[in-house]
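Written below as structure tokens is the structure these notes are about.
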Amino acid sequence: MTDRLTIALIYGSGRQGRFADTIAGWLEPELAGFGQYDIIRIDPAELTFTPGGLDEPSAERVESLILQADAFLIVTPEYNHAYPAALKAIIDCCFRPWHAKPIAFVSYGGVSGGLRAVEQLRLVFAELHAVAIRDTVSLPHAWTQFDPAGNPFRPGQLSGQLAMLMKRLTWWANALKAARIATRYDEVAA
Ligand SMILES: Cc1cc2nc3c(=O)[nH]c(=O)nc-3n(C[C@H](O)[C@H](O)[C@H](O)COP(=O)(O)O)c2cc1C
């Protein structure tokens with residue numbers, strides 16, 4: 001199957017002054033440049049949070065975007081060796097719409113490049129019957145990797161890593177889309 005895929009780009013940080021916007025300034029044009037995806041964006045900065053998670057309108061919006069998506073690209077920093085609470089609230093807002101869909105990561109942070117956050121997310125997504133793929137584009141000491149205008153110092157290397165990740169995410173997205181169409185996932189073990 002080679003239909004156009006819908007990829008949900010999910011940001012983990014909603015912090016004011018977040019570095020996520022620098023990552024987005026590099027990543028979003030790169031994704032558009034592949035020319036083969038419809039990108040939908042889920043951004044904590046555009047959602048409303050309550051002590052219990054997303055408020056109802058935000059949760060409904062996020063659930064419908066997750067339902068539409070064939071695959072997910074999660075862009076997450078690392079906070080105290082974990083992923084941000086805002087990202088967990090987004091993940092927890094629904095269950096079935098995640099099922100049998102692939103997930104890849106772009107991570108960033110200090111020395112670990114956000115990889116400790118990613119490893120924890122793999123455990124979370126197993127519970128959601130989602131497939132976290134092996135590849136991650138990881139940016140250690142992320143703030144040293146971009147000039148003040150937001151241009152990466154090693155654009156070729158980053159683009160190469162992203163291209164590899166997107167090829168594998170696309171393979172999984174097509175395979176799982178075909179499988180979901182052939183057999184409804186929630187009927188497999190009903
Ligand atoms: C509360 C907090 C905790 C952090 N903990 C870690 C950490 O454990 N490991 C790490 O590599 N970076 C850590 N950092 C650095 C962040 O990964 C880095 O500042 C990143 O740019 C944050 O993303 P954001 O600016 O998009 O929110 C932490 C930052 C914050 C704000």
Side-chain angles (χ1 to χ4, degrees), residues 7-34 37 39-55 58-59 61-62 65-66 69 71-93 98 103-128 130 132-166 169:
I7 309 269
L9 183 59
I10 304 181
Y11 289 96
S13 172
R15 249 177 15 98
Q16 276 200 343
R18 62 188 181 171
F19 196 74
D21 291 319
T22 300
I23 306 278
W26 159 72
L27 179 60
E28 293 190 17
E30 291 273 332
L31 292 175
F34 291 113
Y37 309 115
I39 302 292
I40 53 180
R41 191 180 152 115
I42 301 177
D43 184 344
E46 296 165 2
L47 301 169
T48 306
F49 293 83
T50 70
L54 293 172
D55 76 355
S58 291
R61 196 168 123 215
V62 168
L65 292 171
I66 292 172
F72 304 94
L73 186 56
I74 295 192
V75 182
T76 187
E78 181 172 305
Y79 293 168
N80 297 320
H81 293 199
Y83 50 84
L87 179 56
K88 188 64 161 58
I90 288 169
I91 293 168
D92 289 345
C93 89
W98 291 106
I103 298 176
F105 303 97
V106 172
S107 69
Y108 60 101
V111 66
S112 76
L115 289 173
R116 287 176 290 221
V118 168
E119 292 305 305
Q120 294 185 15
L121 285 165
R122 293 179 187 284
L123 297 177
V124 172
F125 281 113
E127 174 59 16
L128 291 164
I133 74 164
R134 180 256 188 197
D135 297 77
T136 304
V137 176
S138 169
L139 294 149
H141 304 293
W143 47 93
T144 66
Q145 300 216 32
F146 293 84
D147 71 17
N151 302 305
F153 288 121
R154 46 180 190 112
Q157 200 179 339
L158 279 184
S159 296
Q161 289 171 1
L162 182 67
M164 174 89 77
L165 175 148
M166 290 308 296
L169 185 66

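Remember, it's 1-based here, ligands and their atoms both numbered in the order they're listed. The model shown is predicted, which means the values in this text are computed figures rather than measured ones.
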Checklist entry - Which ligand 1 atoms are under 4.0 Å away from a heavy-atom of Arg15? => result 24 (P), 25 (O), 27 (O)
Item to check | Aromatic centroids of Phe72 and Phe125 separated by under 6.0 Å | outcome: no
Checklist outcome for this item: min-distance protein heavy atom vs atom 8 (O) of ligand 1 -> His81 N, 2.9 Å
Checklist entry - For Ser107 and Tyr83, what are the C-alpha separation, side-chain angles and deciding distance, and is it a side-chain hydrogen bond (donor to acceptor under 3.5 Å, both in side chains)? => result CA-CA 10 Å; Ser107 69; Tyr83 50 84; over 6 Å; no
Next on the checklist: Could you check whether Glu119 pairs with Arg116 (Lys NZ or Arg NE/NH1/NH2 to Asp/Glu carboxylate O, under 4.0 Å)?
Outcome noted: no
Checklist entry - Identify the closest protein heavy atom to atom 5 (N) of ligand 1: which residue and atom is it, and at what distance? => result Asn80 N, 2.7 Å
Checklist entry - Which of the numbered atoms in ligand 1 are below 4.0 angstrom from a heavy atom of Ala20? => result 26 (O)
Next on the checklist: How long is the straight-line distance from CZ of Phe105 back to CG of Leu73, given to the nearest 0.5 Å?
Outcome noted: 9.5 Å
Next on the checklist: Using a 4.0 Å cutoff against the non-hydrogen atoms of Gly109, which atoms of ligand 1 qualify?
Outcome noted: 11 (O), 17 (O)
Next on the checklist: Tell me the nearest of Ala24, Gly110, Ala142 to atom 12 (N) of ligand 1, using heavy-atom distances.
Outcome noted: Gly110
Next on the checklist: With a cutoff of 4.0 Å, is Tyr108 in contact with ligand 1, counting heavy atoms of the residue only?
Outcome noted: yes
Checklist outcome for this item: The protein heavy atom nearest to atom 21 (O) of ligand 1 is Phe19 CB, 3.4 Å
Checklist entry - Could you give the distance from CD1 (Ile42) to CG (Leu65), rounded to the nearest 0.5 Å? => result 5.0 Å
Checklist outcome for this item: re atom 28 (C) of ligand 1, the protein heavy-atom contact at minimum distance is Glu78 O, 3.5 Å
Item to check | Nearest-neighbour protein heavy atom for atom 19 (O) of ligand 1, which is reported as residue plus atom name and distance | outcome: Trp143 CZ3, 4.3 Å
Checklist entry - What protein heavy atom sits nearest atom 2 (C) of ligand 1, and how far off is it? => result Tyr79 CD2, 3.9 Å
Next on the checklist: Distance check, rounded to the nearest 0.5 Å: Ile103 atom CD1 versus Leu121 atom CG?
Outcome noted: 8.5 Å
